[in-house]
J.: 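A single structure is presented below for examination.
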Amino acid sequence: MDPAARKEAIKQYKERKPCRGAFAVRCTASGRIWVGASPNLDAARNSFGFALSHGSHYDRSLQEELQAHGEDGFTFEVLEELKDDILPMEVSGLLKEAKVCWAERLGAITLL
């Protein structure tokens, strides 16, 4: 890749807007569901996978399910994405509301 194309690719990467919203982690073996929300869903997915594979997820109940059923028994699902035109100061509150709403709707455990 020539330097100009590389520079342009880096610029585009830095300017992209992350998807924000609520997500669910499901254990297919037990049927348990955990719901969380993040200002960057891609980062949340990566963090979830990394923490579980290294045995360091902050939610003990989720980590225990992983040890009982293995990584293949889990799915990560985006439940809702926030619109791009939301003011930055509203994002945190909307993410909290979405997490609580989805947890109630699915009968799920909320992640911090």
Side-chain angles (χ1 to χ4, degrees):
M1 179 181 278
D2 68 84
R6 177 178 161 81
K7 189 174 185 177
E8 181 61 26
I10 291 170
K11 179 184 172 194
Q12 288 178 1
Y13 176 78
K14 288 182 178 181
E15 290 176 351
R16 71 174 173 39
K17 293 188 179 202
C19 294
R20 307 170 290 193
F23 63 90
V25 176
R26 297 175 188 264
C27 177
T28 56
S30 69
R32 292 179 73 185
I33 305 170
W34 293 263
V35 171
S38 176
N40 187 334
L41 291 169
D42 291 332
R45 181 189 312 264
N46 289 340
S47 175
F48 165 75
F50 181 82
L52 287 180
S53 66
H54 286 83
S56 62
H57 198 277
Y58 58 87
D59 188 287
R60 289 292 124 210
S61 64
L62 184 53
Q63 189 65 52
E64 289 170 1
E65 288 286 320
L66 172 78
Q67 290 170 342
H69 303 291
E71 286 182 55
D72 293 337
F74 285 85
T75 61
F76 185 98
E77 171 187 355
V78 174
L79 299 170
E80 176 181 352
E81 289 186 29
L82 298 183
K83 295 180 183 176
D84 288 336
D85 62 350
I86 296 172
L87 295 173
M89 56 196 267
E90 296 176 332
V91 171
S92 179
L94 290 172
L95 289 174
K96 287 178 186 175
E97 288 176 23
K99 178 172 66 171
V100 170
C101 178
W102 280 103
E104 289 175 0
R105 195 179 299 178
L106 298 173
I109 301 165
T110 57
L111 296 170
L112 297 175

J.: Might you point out which heavy atoms bring Arg20 and Lys83 nearest each other, and give the distance in Å?
T.: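 Looking at all heavy atoms of both residues, the closest pair is NH2-O, 2.9 Å.
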J.: Out of curiosity, does Leu82 fall in the hydrophobic cluster containing Leu79 (side-chain heavy atoms, cut-off under 4.5 Å, transitive links)?
T.: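 No, Leu79 does not connect to Leu82 through the hydrophobic network.
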J.: To the nearest 0.5 Å, what is the distance between CZ on Phe23 and CZ on Phe48?
T.: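 Result: 8.5 Å between the selected atoms.
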J.: Hey, can you pull the donor-acceptor pairs under 3.5 Å for the side chains in residues 93-107, sequence neighbours left out?
T.:
| unit_1 | atom_1 | unit_2 | atom_2 | d |
| --- | --- | --- | --- | --- |
| Lys99 | NZ | Leu111 | O | 2.8 |
| Trp102 | NE1 | Glu80 | OE1 | 2.7 |

J.: In Å, rounded to the nearest 0.5 Å, how long is the span from OG of Ser47 to OH of Tyr58?
T.: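 Answer for the OG-OH pair, Ser47 versus Tyr58, is 7.0 Å.
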J.: Show me, pair by pair, the donor-acceptor contacts under 3.5 angstrom made by side chains of residues 28-40, not counting sequence neighbours?
T.:
| unit_1 | atom_1 | unit_2 | atom_2 | d |
| --- | --- | --- | --- | --- |
| Thr28 | OG1 | Gly73 | O | 3.0 |
| Ser30 | OG | Arg32 | N | 3.3 |
| Ser30 | OG | Glu65 | OE1 | 2.9 |
| Arg32 | NH1 | Glu65 | OE2 | 3.1 |
| Trp34 | NE1 | Ser61 | OG | 3.1 |
| Ser38 | OG | Asn40 | N | 3.0 |
| Ser38 | OG | Asn40 | O | 3.0 |
| Asn40 | OD1 | Asp42 | N | 3.2 |
| Asn40 | OD1 | Ala43 | N | 3.1 |

J.: Could you grab the distance from atom NZ of Lys7 to atom CG of Asp2, nearest 0.5 Å is fine?
T.: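 Rounded to the nearest 0.5 Å, the NZ-CG separation comes out at 12.0 Å.
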J.: Just checking Arg60: does its CZ atom have more than 12 heavy atoms from other residues, nucleotides or ligands closer to it than 6.0 angstrom?
T.: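 Result for CZ/Arg60: enclosed.
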J.: Which pair of heavy atoms, one from Asp59 and one from Thr110, lies closest together, and at what distance?
T.: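 Looks like OD2-O, 4.4 Å.
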